[in-house]
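Take a look at the structure set out below.
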Amino acid sequence: MSSYTPQQLEPRWQAQWQADGLYRQVIDHNKPKHYALTMLPYPSGDLHIGHWYAMTPSDARARYMRMKGYNVMFPMGFDAFGLPAENAAIKRNIHPQTWTFANIERMRGQLRSMGAMFDWEREAVSADPSYYKWTQWFFKKLIELGLAYRKLSAVDFCPNCNTTLAREQVWGDDRHCERCGTPVIKKDLEQWFFKTTDYAEELLDFSQIDWPERVKVMQTNWIGRSEGANVVFKTEQGDEMPIFTTRPDTLWGATFMVMAPEHPLVDTITSAEQAEAVREYREQAQRLTDIDRESADREKTGVFSGGYAVNPVNGARIPIWVADYVLMGYGFGAIMAVPAHDQRDFEFARKFGLEIIPVIQPESGALDADAMPESYVGPGVMVNSGPIDGTAVSDDKGRKNPSIAAAIDWLADHNAGEEAINYRLRDWLISRQRYWGAPIPVVYCPEHGAVPVPDEQLPVLLPEDVEFMPTGESPLRFHEEFLHTECPICGGPAQRETDTMDTFMCSSWYQYRYLSPNDDEAPFDPTEGAYWLPVDQYTGGIEHATMHLIYTRFFTKAMREMGLVDFAEPMLALHNQGMVLGEDNEKMSKSRGNVVAPDDLVQQYGADTVRTYLMFFTKWDQGGPWNYDGIKGPQRLLLDVWDIAQHAYAPQKEDAQATRNLRRKTHQTIRKVGQDFESFSFNTAVAAIMELRNTLNDAKRNQNVSAAAWAEGVESMLLLLAPIAPHITEELWAQRGRPYSIHQQSWPQWDEAIAKEDTITLIVQINGKVRDRIDVPAGTPEADLKAAALASDNVQKHLEGKEPRKVIVVKGKLVNIVR
RNA sequence: GCCGAAGUGGCGGAAUAGGCAGACGCGCACGACUCAAAAUCGUGUUCCUUCGGGAGUGUGGGUUCGAUUCCCACCUUCGGCACCA
């Protein structure tokens with residue numbers, strides 16, 4: 001018998017597996033495929049415990065699927081472009097490329113120490129020119145499809161990261177940068193966008209995918225669909241002034257209009273008398289940050305423009321106000337205001353003494369415009385509304401509400417508007433004023449404008465010799481050689497685009513690059529794609545719910561338009577893990593000093609123990625604070641497994657009942673662990689294996705089970721543990737003379753007859769309180785259960801000679817006697 | 001404000017087509033081994049108790065023979081959205 005030394009055994013098996021290509025994952029049409037994917041890491045320098053927490057259960061489940069008979073692909077790569085590399089360059093004068101690729105090298109080694117079944121021949125690195133060539137190619141394809149465009153607009157800019165951000169990367173009430181937490185500011189810049197909004201409706205359809213409810217709700221909120229109508233008002237100057245409203249039924253109650261301060265028509269409609277006031281108001285609005293402007297509790301401000309609009313439903317002449325509670329970025333940047341039935345408009349009208357006309361009459365009677373304390377938003381019946389008077393108003397949204405349906409029909413009949421749907425989702429801003437990203441493959445020619453770089457010139461390589469200075473402009477702008485080029489159309493002098501792409505662009509299609517990471521002809525090999533795609537099981541953190549997970553869905557839909565794939569959803573199933581916190585229950589960070597280093601743990605306990613603990617210590621979806629003492633449980637488990645599997649078992653006083661009990665436990669455990677792997681309940685799977693260990697320990701001590709039952713128990717335990725602790729199980733499997741490799745064995749099967757309990761503990765209750773427990777054979781008829789319960793001494797005592805009023809018998813479980 | 005998730009021993013967590021609350025583990029206590037300690041092994045471990053029992057899954061109600069599980073109201077924590085027309 002040897003002692004368990006994972007520090008020696010684990011690297012030995014890792015080398016063996018690699019030498020044998022045990023985890024090479026190639027097309028095999030004889031087996032069903034399973035594409036398991038876990039979110040790829042950013043090469044920040046060290047693999048931290050959070051990576052282990054995300055990856056090892058994903059690996060265990062991929063291994064389980066493999067043992068279940070699937071041909072499993074489980075690749076790994078690096079999301080290698082991004083800001084930290086550039087910040088390191090600025091701070092420590094290391095080139096981002098050097099820094100990044102050194103980190104990748106280091107993390108590869110750390111990932112190997114995990115013993116995961118990654119197929120390293122499928123590795124993809126997004127900062128490698130052979131990868132970003134195709135990121136650039138996709139950019140061009142999106143232009144061709146009309147899904148990428150350049151626009152000047154007020155965009156979110158992080159003054160700390162010195163770059164613009166997508167709307168999705170601006171978080172929280174204070175509108176801070178998702179990366180660094182700095183509040184963002186607005187800047188007017190010409191930037192590249194992807195038309196994610198084209199797919200707003202399709203992105204709301206989750207019927208093809210099995211994703212967590214939470215993610216679906218978050219994406220649904222994010223996309224923010226509203227049903228209503230577009231209605232065209234006309235200004236007195238004759239300009240069309242379209243607005244969007246979810247309540248077209250209240251059009252007859254519109255008493256004024258409001259334009260956002262940035263609205264292009266503001267100058268046209270403003271009267272000479274009001275010009276100065278409007279100018280002042282606009283300047284003041286510009287000075288306010290978004291945080292101030294968008295806080296709902298702030299008192300409404302605004303100014304009369306002096307202009308008027310005509311309500312198309314009744315010809316009413318109503319004043320146009322300018323106010324910052326209307327946002328330029330949503331709808332048309334202008335609204336009709338119906339103070340009687342919208343709280344925001346109501347507050348505005350009361351403050352500025354504007355007219356209020358109720359058009360919905362609640363059941364309780366007519367509203368009094370002068371007395372109402374707040375707007376009325378409930379159901380009722382339409383009044384003061386000409387053609388739709390008398391129509392019922394329900395609480396429903398859109399056409400389901402009879403009054404809204406009537407209004408929409410009226411608008412369509414009179415050519416005044418049409419049914420419309422508006423989304424909160426904005427197009428994806430992908431330009432970044434940073435160096436360490438994939439260059440946007442576009443050239444600007446004075447003659448031909450923005451011209452995409454021809455395919456044969458891809459990739460547009462990042463030059464290495466650049467100055468890293470956080471100027472708010474891309475460092476590439478100051479690189480003369482890069483900047484100056486020729487127009488692909490006329491050959492005349494032209495300038496390159498110097499912004500790079502959002503790194504979320506790189507990670508939007510990485511699951512496809514794994515199929516053929518060295519392919520120079522296409523982003524991925526269609527033969528590989530036909531077999532492996534789409535991803536069957538995706539795992540990763542919830543923090544990407546409205547970023548990466550929306551982008552990659554958009555990307556796949558665009559790839560469908562490109563004819564590259566024939567499906568609409570990139571990942572059929574998704575499971576989110578939680579987060580490991582420090583022992584102090586806080587997010588791990590160097591500054592807090594609560595970081596758990598997996599390398600040290602592996603050194604001390606071995607990777608198998610770390611893996612087992614990470615799967616055991618909490619529910620995976622939930623995460624929680626790390627606890628250094630807790631790892632002793634899994635450590636003892638593996639030490640016991642080591643002793644049990646090496647034990648030269650010889651029965652002394654063989655007992656049929658003990659043998660039966662062990663076999664039952666073995667088969668019950670096989671059943672339980674399989675169920676738990678299916679449902680990602682890894683903590684209870686490990687607990688079940690611990691129970692089997694306990695039963696085997698009893699048998700070992702008592703030497704009273706048959707040799708066959710012992711061997712069955714031990715080897716089943718090794719097989720069940722193999723996905724969780726791949727090294728120790730491989731070693732013990734080999735030591736027991738079983739065929740290499742344990743990871744190529746079939747998942748064990750259970751026999752229901754053996755797993756079945758043959759006695760049950762009957763619970764005897766009186767008025768719902770447990771008064772006795774009686775062991776009876778499984779399958780005892782109800783009448784006998786009842787008789788046994790009534791015969792109990794304790795029951796007789798509590799009944800005090802009285803007849804029970806009622807006896808409830810639950811077969812195989814309990815008897816409840818109602819006194 | 002709106003939407004969603006969650007509240008169970010000292011701790012992490014089990015158990016919900018309504019049926020033994022606390023699986024498994026950590027920790028702790030006692031015992032064994034040891035000169036001693038660690039490790040290991042064994043026993044115990046929700047609380048209260050006059051040792052008969054009683055109380056107990058955030059709080060208060062309800063349905064039921066029976067509720068951690070279902071219903072209503074509320075409290076707390078976390079997450080998302082929020083002047084989105």
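We name chains A, B, ... by the order of the sequence lines, and we start the count at 1 in each one. Excluded from the calculations below are hydrogen atoms, water molecules and symmetry mates; all remaining heavy atoms, backbone and side chain alike, are included.
Comparing A:Gly633 and A:Ile542 against RNA chain B, the residue whose closest nucleotide sits nearer the 5' end is A:Gly633. Nearer to the 5' terminus of RNA chain B, by closest-nucleotide assignment, is the contact made by A:Val770 (compared with the other of A:Ser226 and A:Val770).
The distance between atom CG of A:Asp342 and atom P of B:A82, rounded to the nearest whole Å, is 17 Å.
Remark: A:Arg225 engages A:Glu201 in a salt bridge, criterion side-chain N to carboxylate O under 4.0 Å. At a threshold of 4.0 Å, the pair A:Glu227-A:Arg399 does not count as salt-bridged, since none of the basic side-chain nitrogens sits closer than that to a carboxylate oxygen. The residues A:Arg247 and A:Asp249 are annotated as salt-bridged, a charged nitrogen and a carboxylate oxygen being separated by less than 4.0 angstrom. Ion pairing between A:Asp156 and A:Lys186 holds under the 4.0 Å rule for side-chain N and carboxylate O.
Of all nucleotides listed (B:G12, B:G27, B:C20), B:C20 comes nearest to the side chain of A:Ile763. Considering only side-chain atoms of A:Phe244, the nucleotide from B:C65, B:A85, B:C26 that sits closest is B:A85. Distances from the side chain of A:Trp222 to the nucleotides B:A14, B:C81, B:C41 place B:C81 closest. Minimum atom distance to the side chain of A:Asn683 is reached by B:A14, of the listed B:A85, B:C24, B:A14. Picking from B:G25, B:C65, B:G54 the nucleotide with the shortest atom distance to the side chain of A:Arg771 gives B:G54. For A:Arg701, the listed nucleotide lying nearest its side chain is B:G42; candidates were B:G19, B:C24, B:G42.
Comparing the P positions of B:A73 and B:C83 gives an interatomic distance of 28 Å, to the nearest angstrom. Rounded to whole Å, the separation between the C1' atoms of B:A14 and B:A23 comes to 5 Å.
Cation-pi check for A:Arg167 over A:Trp428 is not met; the charged atom does not lie both under 6.0 angstrom from the ring centroid and within 45 degrees of its normal.
Contact annotation: side chain of A:Lys300 to base of B:C83, donor-acceptor pair present below 3.5 Å. Taking only distance into account, the side chain of A:Asn221 never meets the base of B:C81 through a donor-acceptor pair shorter than 3.5 Å.
Within 4.0 Å (heavy atoms only), A:Tyr423 reaches no atom of the nucleic acid at all. Nucleic acid contact class of A:Arg214 (heavy atoms, under 4.0 Å, all strands): none. Among the protein residues, A:Gln343 comes within range of no part of the nucleic acid, since none of its heavy atoms lies under 4.0 Å from any strand. Nucleic acid contact class of A:Arg693 (heavy atoms, under 4.0 Å, all strands): sugar-phosphate only.
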